[in-house]
Amino acid sequence: MAPSKIRRAIGHVKDQTSISLAKVGSSSSVSDLEVAIVKATRHEEYPAEERHIQEILSLTSYSRAHISACVKTLSKRLNKTRNWTVALKTLMLIQRLLSEGDPAYEQEIFFSTRRGTRILNMSDFRDTSQSNSWDFSAFVRTYALYLDERLEYMMEGRYGGRRSMYGYNDEDHEDNEDASVVRSIPIAELKNEQLFSKLLHLQQLLDRFLGCRPIGSAKDNRVVIVALHAIVKESFQIYYDITEILGVLIDRFMELDISDSIKIYNIFCRERKQFDDLENFYSWCKSIGIARSYDYPEIEKITQKKLDLIDEFIRDKSALEQGKKISDESGFVKETDSCEEEDMNAVKSLQNPSLLKRKNQNLRKKRK
């Protein structure tokens, strides 16, 4: 028997054993849940059947006890397996539960870390069963990192970034009314420090997404492609949120002090590379048929010329504040005012919020 057939046979036996143990080891409802989880994350290299995922969503709806049992089972499955297919399908299931399941999933998975279970920590995962398993193991690790960062971002938005020295306060998850107030604040009304903090987290999340680009054999695998489809669609909103914040910061640029202006310059430098990488990633995704081409946002280019304009404006602003003026102060002020207006118009060309908003609205309409 060929090694691949032996491997599939062993995987099938393991799945059947796990199903048998689940049937006799728990109450009826929890047993059904554990069996559905095993079936949705079995060893065969095919995406999970939708009926198993829907069964899990149904069994855990409106039941915090079942949600807790589900998270424990998923954690155990991830910790025990050294098979990339099982690990990836389990992570894909977690993503579905976070996006479509009860909101309590966010809290249960996030706070499980406080109880000693780091469910999305797959940094040491490696499947050594095949010569090309390294490519798949790498994707499992980066995909888990993305989900972990995504969950962190969701929780920060839910609780407004309130943290104790040990992380978020566990009791905060009961404060649903306050959480909804935090989430309802429009980006344009956030304070500068809140904007910088939110943008920093979005940049980190975008980096995690970009790190999920598969390599080697993983690029052509059906399970990997299905996993990518979900996070690619999520990345659209990440990009929209980043560009919205950039637009607000540019609108406020004239009012900012030197230190905040330098922050914006550094942000745009980082975004220049991120947007270039994102455009390349999207081009590859389109070439293999992930999502529809018209669903993708139109990536704004940040050129070196635009960065130079910001840099020049900051230097002029700094020179004024330091009192480096030419002898004819009245003529200098008049000239500077004119230069400031001209430079600011150039800086605002970095992001055109109204134009960008129209583009994004049109893209959303097309997707509908």
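Note: hydrogens, waters and symmetry copies are ignored here, and every other heavy atom, side chains too, is used.
Between L199 and L249 the shortest side-chain heavy-atom distance falls below 4.5 Å. L33 is not listed as a side-chain neighbour of T73, based on a closest heavy-atom distance of 4.5 Å or more. In this structure the side chain of Q95 reaches within 4.5 angstrom of the side chain of I231, judged on heavy atoms. In this structure the side chain of V38 reaches within 4.5 angstrom of the side chain of R77, judged on heavy atoms.
Between E193 and K191 no salt bridge is recorded (no basic side-chain N to carboxylate O distance below 4.0 Å). We find that D124 and R141 are not joined by a salt bridge, their nearest charged nitrogen and carboxylate oxygen being 4.0 Å or further apart. For the pair R42 and E49, the salt-bridge criterion is not met [side-chain N within less than 4.0 Å of a carboxylate O]. Checked for salt-bridge contact, D308 and K305 miss the test: no charged N lies under 4.0 Å from a carboxylate O.
Under a cutoff of 6.0 Å and an axis angle of 45°, K306 and F268 do not form a cation-pi pair.
Using bins of under 30°, 30° to 60° and over 60° for the plane-to-plane angle, the ring pair W284/F281 lands in the tilted bin.
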(request) Decide yes or no on salt bridge (charged side-chain N to carboxylate O under 4.0 Å, His left out) for D260 and K263, but give the supporting numbers first. (result) CA-CA 5 Å; D260 283 346; K263 282 183 184 178; 3.8 Å; yes

(message) Test salt bridge (charged side-chain N to carboxylate O under 4.0 Å, His left out) on K198 and E156; report intermediate values, then the result.
(response) CA-CA 9 Å; K198 188 177 183 69; E156 184 174 283; over 6 Å; no

(message) Pair T81, N83 - check side-chain hydrogen bond (donor to acceptor under 3.5 Å, both in side chains), show working.
(response) CA-CA 5 Å; T81 188; N83 181 278; 5.1 Å; no

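For an aromatic pair to be called close, the ring centres must be under 6.0 Å apart, and F236 with Y282 satisfies this.
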